[in-house]
Structures are given as C-alpha cells and as structure tokens.
Student: 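Got a structure here, written out as structure tokens. Questions coming.
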Amino acid sequence: MRLHVLGSSGGYSAADNPSSGFLLEQGATRLWMDAGHSTFAALQRVADFKRLDALVLSHLHPDHCADLYAAHVALRYRVEGPLRLPLYGPPGTLEALGNLLGADGAANLGETFPFRAVNEGDTVEVGGIRLSFLRTDHPGITHAIRAESRNGTLTYSADTGPKADLAGFAQESDFLLCEATYQEGKVGAPVHLTARQAGETALRAGVRELAVTHVWPTFDPQVSLAEARSAAGGIPVRWAQPGEVFFFSQAED
Ligand SMILES: [Zn+2]
Ligand SMILES: [Zn+2]
C-alpha cells in the first residue's frame, strides 16, 4: 500500500503545506482521504482526479473538507461531461457543505458525490480496501479511519483529543498516521494530541511505523518528531511532510 501526503498542516494551510489530505493507493484502487484546503491541487500532481475510486472525509472542519468544492467544480462542470465520485463522510455532510452553494446545494453536491453516511462500527469496501471507523474525541462527528487490504493496514487518527481509544482502534496496524498538533508546553484546546501522545499511542497500539501529521503551522516539525520518538519506544517515526510517499506492507509472522 502506498500513502501520498497531499498536505498535513494542522488547522490551516501553511505557505508550503496544504491542510490535511492524503491519497491511499492499493493496487488499482485510489482513495482520497480528507480534502483540506489546497489538497485538490496537490492531488493533481500525483493522480488523475477523474480516476479516483472514492473520497472519504473524517469530519467537516474546513481544514479537512474545503477542497470538496474544488473537486465538485472539476467533476460537475467538466467540458467533456460530468463525472461522479463516491463520497463517505459523517451524517449530514451534503446538507452542511451544500449550504454554501445555495438552496439546491445539497442536491447538486449529491449528484457529483453519491454519498453514504458512515458511523462508528460501519465497514465500507472501496476496491481492495476495507474501511472502518472510530468516533474520536473532537467537536462535531469525527471519525478515525482504519484502512485494511490484503497487503497492509493503515490507521489515520483524523483529529482527536486524548479520550478516544485510538490505540485500541489502531491495534497492530502496519502504519499509524497520527495527529500531533501540539508540543510540550504549547498546548491549546484539548481536542487534539501532543506529539508525545501520538508516540505513546503508537507504542500502546503496537504499530510498526508512525507518521505524525496535523502539526500546528507555526511549530517546528522536527521538535514534534523528537517528542513523538521519545515516547514511541523505538517504533520508527516520521513526519508526514507534504509530497512524501510512504510505502508499507503487512507484517510477516
Ligand atoms: Zn484539523
Ligand atoms: Zn477538526
């Protein structure tokens, strides 16, 4: 499996880093996970947007979904004819995002994005990838996403505070993509994790590899990396730098 980092900036886009968005590839299946600001542009550098299999949104904060509007225009008003892209997200996604497009907004979005609401406990199959969801500790309905294929397992924390059982949900994943918004002594509202907490989560979950993401744009990611490593018990830790491609595969028993 292969994960492209389209952007990883926490909360808002930085000058050189879009907000949260990732492209997960498994065989011929291409899954766009989160559509934060500027991620549709980044996506076009690594994939043909006409050939995506689905878009999955963890939650409806703009730094995770704003570029759905860009994709909507690209797909619906394509001069060669409109295209559709299956969409998975929290209940009420089309209504919430459609409001900005006027009275018919939800219906218009629904034509471009055949929508299925997902809840904790649901499973969804997209090509060769099976998705499951955990409600996290974050305002609004927010889901961590576990993506499994015959070749490996990735868990993405989405946004979460420390009260969700992310370690249980991510148990023995090959790859944990974990938010690490804060650093020691630099902590805001308790709806996010520190880098140290991301490292602790990886250790408790027994994952093979950790990438920290959603680092606050004014922080030095190298500090986040060091803090996560100090708590991860030797698990390899990297930063989900924009443009990075992570390859991972199933552990061999
Ligand atoms: Zn966020
Ligand atoms: Zn959020």
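For ligands, and for the atoms within them, numbers begin at 1 and follow the listed sequence.
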Student: Has Asp159 got an N, O or S atom lying less than 2.8 Å from the Zn ion (ligand 1)?
Tutor: yes
Student: Show the numbers, then the answer: is there a side chain to side chain contact (heavy atoms under 4.5 Å, CB included) between Phe246 and Phe175?
Tutor: CA-CA 9 Å; Phe246 296 112; Phe175 195 89; 3.4 Å; yes
Student: What orientation do His72 and Tyr77 show, parallel under 30°, tilted 30 to 60°, or perpendicular over 60°?
Tutor: perpendicular
Student: Tell me whether His61 has at least one N, O or S atom under 2.8 Å from the Zn ion (ligand 1).
Tutor: no
Student: Between Asp53 and Arg30, does any NZ, NE, NH1 or NH2 come within less than 4.0 Å of an OD or OE carboxylate oxygen?
Tutor: no
Student: Where the side chain of Glu25 meets the backbone of Leu3, is there a donor-acceptor pair that is under 3.5 Å apart?
Tutor: no
Student: Relative to the Zn ion (ligand 2), which of the N, O or S atoms in His59 is the closest?
Tutor: NE2
Student: So, is His192 placed with an N/O/S atom under 2.8 Å from the Zn ion (ligand 1), counting both backbone and side chain?
Tutor: no
Student: Look up atom CG in Leu176 and atom OG in Ser157, then write down how far apart they are to the nearest 0.5 Å.
Tutor: 6.5 Å
Student: Once rounded to 10°, what is the value of the angle centred on the Zn ion (ligand 1) between Asp63 OD2 and His64 NE2?
Tutor: 90°
